[in-house]
S.K.: 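Submitted below is the structure of interest, expressed as structure tokens.
Every chain is numbered from 1 and lettered A, B, ... according to where its sequence line falls, protein lines coming before strand lines.
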Amino acid sequence: MKVLVIGGGIAGQAVLEAIRERDADIELTLACAEPRLPYDRVALSTLLVSGAEPDTLTLRPASWFEDNRIEVLLNTRIDELTGYDRYVVCTGSDALVPPIPGAQHAHVFRSPEDCAALASATGRAVVIGGGLLGLEAAYGLASLGCETTVVHLTDRLMERQLDDGAARLLTPAMEALGVEVLLEANTQEITPEGVRLADRFLPADTVVISVGIRPQTELARAAGLTVERGIVVDDAMVTSDPRVLAVGECAQHRGVVHGIVAPIHEQAKVAADTICGIDNAYPGSIPTAKLKVMGVDLVTAGAPDGSRAVVVADDSTYRKLIVDGAGNTVGTILLGDIRGAELLMDAVRTGREASDPLALLAEASQATAADLPDSARVCNCHGVCKGEIVDAIRTRGLGSTLEVVSVTRAGAGCGSCKPMVAELLANERGGAAEEATFLCPCRRQTREELAAVVRERELDSVSELSAACGAGRDCGACKPGLSYLVSEIRGNRHREERHARYINDRVHANIQNDGTFSVVPRIRGGVTNADELRRIADVADKYEVPLIKITGGQRIDLLGIKKEQLPAIWEELDMPSGHAYAKAVRTVKTCVGTSFCRFGLGDAMKVGIELESAMEGLYTPHKVKGAVTGCPRNCAEAYVKDIGLVAVEGGWEIYVGGAAGATVRKGDVLATVDTSDEAIRLSLAFLQHYRESAEYLERTYAYIERVGIEPVREAVMADLDGLLERYRIAKAAADPDPWRERHAPVHPKQFSELDSEPELVGPPAEGAR
Amino acid sequence: MTAIADPTWTLVGRVEDVPLLEGRTTSIDGRRIAIFRLLDGLAAIDAHCPHAMGPLADGIVADSCVTCPLHGRRFDLRSGLALNGDESVTVHEVRDEDGEIWVRLS
């Protein structure tokens with residue numbers, strides 16, 4: 001069966017997802033009139049406040065459509081219904097523009113283009129319409145610094161959702177955010193200079209109309225479907241033509257056109273059932289609303305008034321519960337204090353019997369996530385209930401809020417329910433919720449998941465890993481991380497692929513802002529000699545090196561080197577790579593220690609050189625800087641290094657997780673030992689533990705802050721011999737000096753462009769490294 | 001050897017001069033162009049990132065995009081459009097004729 005979904009909004013996306021969940025074989029095509037994949041229109045107003053790119057609102061990445069075999073036609077407006085077996089019309093709605101003279105001078109607020117046009121608004125702004133969307137637009141404009149006025153036709157804001165009491169509190173709440181509110185104000189005319197009301201003229205640089213929606217029914221009319229206010233559908237979401245369904249703001253069900261998100265998801269599920277031949281009926285939705293304005297908490301559900309109601313209110317909060325004649329809950333309004341909103345919305349949705357409505361209000365204000373019934377809807381944007389979330393956490397073993405959001409979609413809309421999702425997760429996991437970090441964010445795969453694939457299938461390269469699970473194919477940003485992962489797990493016996501490395505690791509030099517590179521030879525412990533200095537000076541002369549800089553790591557940096565010059569310069573330096581360009585062990589700084597210093601307790605230079613030799617050449621999750629200092633005066637700054645050894649009376653202290661970059665942190669003492677050999681052994685074991693356990697691009701200080709020093713200490717001590725053995729294997733297989741590729745480049749063009757050649761390097765000297 | 005007779009096309013090198021999933025640059029009419037070798041063919045774009053002149057040929061290449069090595073701007077190699085910004089780079093026509101890379105500037 002071939003199904004065409006028309007419309008790239010939340011409704012179209014929801015229909016596609018619901019159909020795919022039920023049937024893997026139906027051929028699906030999505031036609032979007034706009035030049036972009038389906039995006040979250042509900043969140044548009046947040047763009048004004050956050051200044052983020054419209055792309056951030058995309059509901060699913062392009063890869064999702066590929067993975068689910070959905071053909072996407074962008075920029076495609078469908079004029080007739082032909083060529084497919086079934087059609088789902090999800091054309092949504094346009095902004096309703098009332099016939100006010102001069103309306104062409106006003107903006108509407110429906111698309112990213114509208115949003116972009118408003119993003120540069122300055123001066124005075126007037127928003128016509130004090131409903132949910134109008135208030136959100138007004139808040140957005142006020143956040144941009146506009147002097148903003150809302151002009152509303154009736155005597156209270158959001159009159160469809162609020163009663164008089166709540167509306168009377170909402171007006172000052174909006175005014176406190178810098179939005180002036182004019183009620184019972186009838187707009188007579190819009191001019192380029194502003195808005196004319198019956199009794200005055202409001203000058204304005206920007207005018208926005210937000211008075212409601214007009215279902216987009218052009219295609220339906222052209223196709224001869226029955227259209228009233230919206231496209232008329234029955235309980236199976238089928239229109240007057242049995243081949244055609246309609247879902248979302250374009251559809252009219254039992255006389256109602258829903259202009260909010262939650263019903264769309266309920267309708268989409270029923271529509272998918274209908275297409276898949278499953279009997280189901282959409283009973284209609286109870287209207288709910290949540291105002292997305294920072295500092296004004298407002299949630300409503302159901303009717304604002306009824307036969308009986310209780311209100312608990314003070315100067316700034318208003319909590320109301322409405323019951324019908326039979327004592328069943330039919331509505332709620334929560335303003336300023338929305339505790340228990342999920343519980344009360346569930347009570348409205350299920351018509352919960354409330355013989356004592358005041359007691360129910362009180363119960364709700366105490367409710368925690370654990371108290372909610374499984375039927376309580378946590379995410380109104382995607383219509384996800386507590387039961388579904390808890391079930392997903394249990395059956396799929398989800399461990400982080402991010403994962404729960406990604407699997408259940410709860411929190412993927414406006415995001416206001418994310419704290420509740422996190423709370424549910426914490427409940428399920430006994431409080432031990434932890435945010436996962438995706439090594440490949442495109443495919444949402446964690447380091448642990450990918451590591452398991454590498455181990456189980458004994459993969460040797462990034463390409464094999466990409467082929468196995470897609471990681472690294474979409475944006476490529478994680479390829480260096482995957483390279484590290486594969487090399488670490490295979491103990492450096494992996495198949496090296498340069499395309500998966502940063503340019504720095506392809507040419508073993510650090511790229512600079514002008515596209516040139518820097519060259520830092522290894523000077524272990526910062527100890528050098530006249531010969532090395534002379535060669536460095538000769539190279540600087542011969543190649544007219546633009547800048548020579550002493551680094552903070554006690555080395556010498558030659559800057560402004562062209563890629564083609566690298567092999568020849570390395571040859572003439574005749575020193576090994578300092579790995580100053582890599583996520584690897586960089587340097588071990590030292591002080592002069594016992595050699596000349598009057599205060600030195602330990603031989604810092606000798607121990608530092610030993611430690612650097614033992615650690616160099618190994619790639620790590622992030623760069624690793626070390627230091628060895630001969631006494632607690634700490635001249636080598638060992639307290640603030642990833643690994644720092646400090647000589648003390650009678651032994652050595654080992655500090656780990658220190659930092660003196662963007663973050664400044666004194667390291668934690670891993671251990672205090674008697675000899676420098678023991679100190680080096682423990683340092684290497686810690687380094688291997690870090691290599692095996694930290695997330696890619698997680699410095700030691702971030703890792704230790706995340707897991708705590710105590711578990712790290714236990715892990716290192718408990719598996720000391722195992723860590724050192726795995727370290728030895730990895731070190732033995734590591735290339736100690738990648739600069740030797742000057743003699744054997746991995747590709748003839750490794751160091752050059754199509755129209756250039758690398759400067760020549762002679763064959764390696766007899767007995768050379 | 002198939003030479004393209006049309007003088008608007010320029011021979012810039014051989015396909016094997018560009019390692020798989022990497023990029024290399026060349027000059028055509030005084031303009032630096034980056035050529036990429038993808039799993040499903042070649043791509044050619046202007047060599048410099050419009051943001052800060054970063055050398056795009058040195059970026060990490062995925063199935064159909066390249067990430068600038070300086071500040072991470074990401075460009076679709078078929079459309080030239082930035083995937084995380086407003087910028088774009090010019091895309092040029094490129095052909096593989098019996099292992100020779102031919103480019104025609106847009």
S.K.: Take B/E22 and A/K749 through the side-chain contact (heavy atoms from CB on, under 4.5 Å) test and state the conclusion after the steps.
M.R.: CA-CA 11 Å; B/E22 292 190 27; A/K749 290 283 187 189; over 6 Å; no
S.K.: Heavy-atom cut-off 4.5 Å, strictly under: side chain, backbone, both or neither for B/P19 against chain A?
M.R.: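 Contact with chain A involves both backbone and side-chain atoms of B/P19.
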S.K.: If I take atom CZ from residue A/R473 and atom OG from residue B/S64, how far apart are they, to the nearest 0.5 angstrom?
M.R.: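 So the CZ of A/R473 and the OG of B/S64 are separated by 9.5 Å.
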S.K.: For A/S752, which atoms come within 4.5 Å of any heavy atom of chain B: side chain, backbone, both, or neither?
M.R.: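 Backbone of A/S752 only, per the 4.5 Å heavy-atom cut-off to chain B.
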S.K.: Tell me, side chain or backbone of A/N504 under 4.5 Å from chain B's heavy atoms, or both, or neither?
M.R.: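 Interface part for A/N504: neither.
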S.K.: So, for A/I511 and B/P69, which heavy atoms are closest and what is the spacing to 0.1 Å?
M.R.: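 Looking at all heavy atoms of both residues, the shortest contact is CD1-CG, 4.1 Å.
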S.K.: Restricting to non-hydrogen atoms, name the atom on B/A62 and the atom on A/G476 that form the minimum distance, rounded to 0.1 Å.
M.R.: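 It is CB-N, 3.5 Å.
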S.K.: Give me the atom names and distance for the closest heavy-atom approach of B/I60 to A/P480.
M.R.: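 Shortest heavy-atom separation between B/I60 and A/P480 comes out as CD1-CG, 3.3 Å.
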S.K.: What option among B/T25, B/V12, B/I35 has the most heavy-atom pairs under 4.5 Å with chain A?
M.R.: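 The candidate making the most pairs under 4.5 Å is B/T25.
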S.K.: Quick one: does B/L20's side chain get under 4.5 Å of A/E497's, heavy atoms only?
M.R.: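 They are not in side-chain contact.
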S.K.: For A/R498, is it the side chain, the backbone, both or neither that has a heavy atom under 4.5 Å from a heavy atom of chain B?
M.R.: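 The answer is both parts of A/R498.
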S.K.: Between B/R32 and A/D755, is the salt bridge (Lys or Arg N to Asp or Glu O under 4.0 Å) condition met? List the steps.
M.R.: CA-CA 10 Å; B/R32 284 313 277 181; A/D755 56 356; 2.7 Å; yes
S.K.: Tell me, do B/T26 and A/S756 make a side-chain contact under 4.5 Å, heavy atoms counted?
M.R.: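 Not touching, per the 4.5 Å side-chain cut-off.
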S.K.: Can you tell me if A/H747 uses its side chain to pair, donor with acceptor, with the backbone of B/V18 under 3.5 Å?
M.R.: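 A pair under 3.5 Å: no.
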S.K.: Would you please test A/F517 and B/D58 for side-chain contact (heavy atoms from CB on, under 4.5 Å) and show each step?
M.R.: CA-CA 12 Å; A/F517 292 85; B/D58 284 345; 4.0 Å; yes
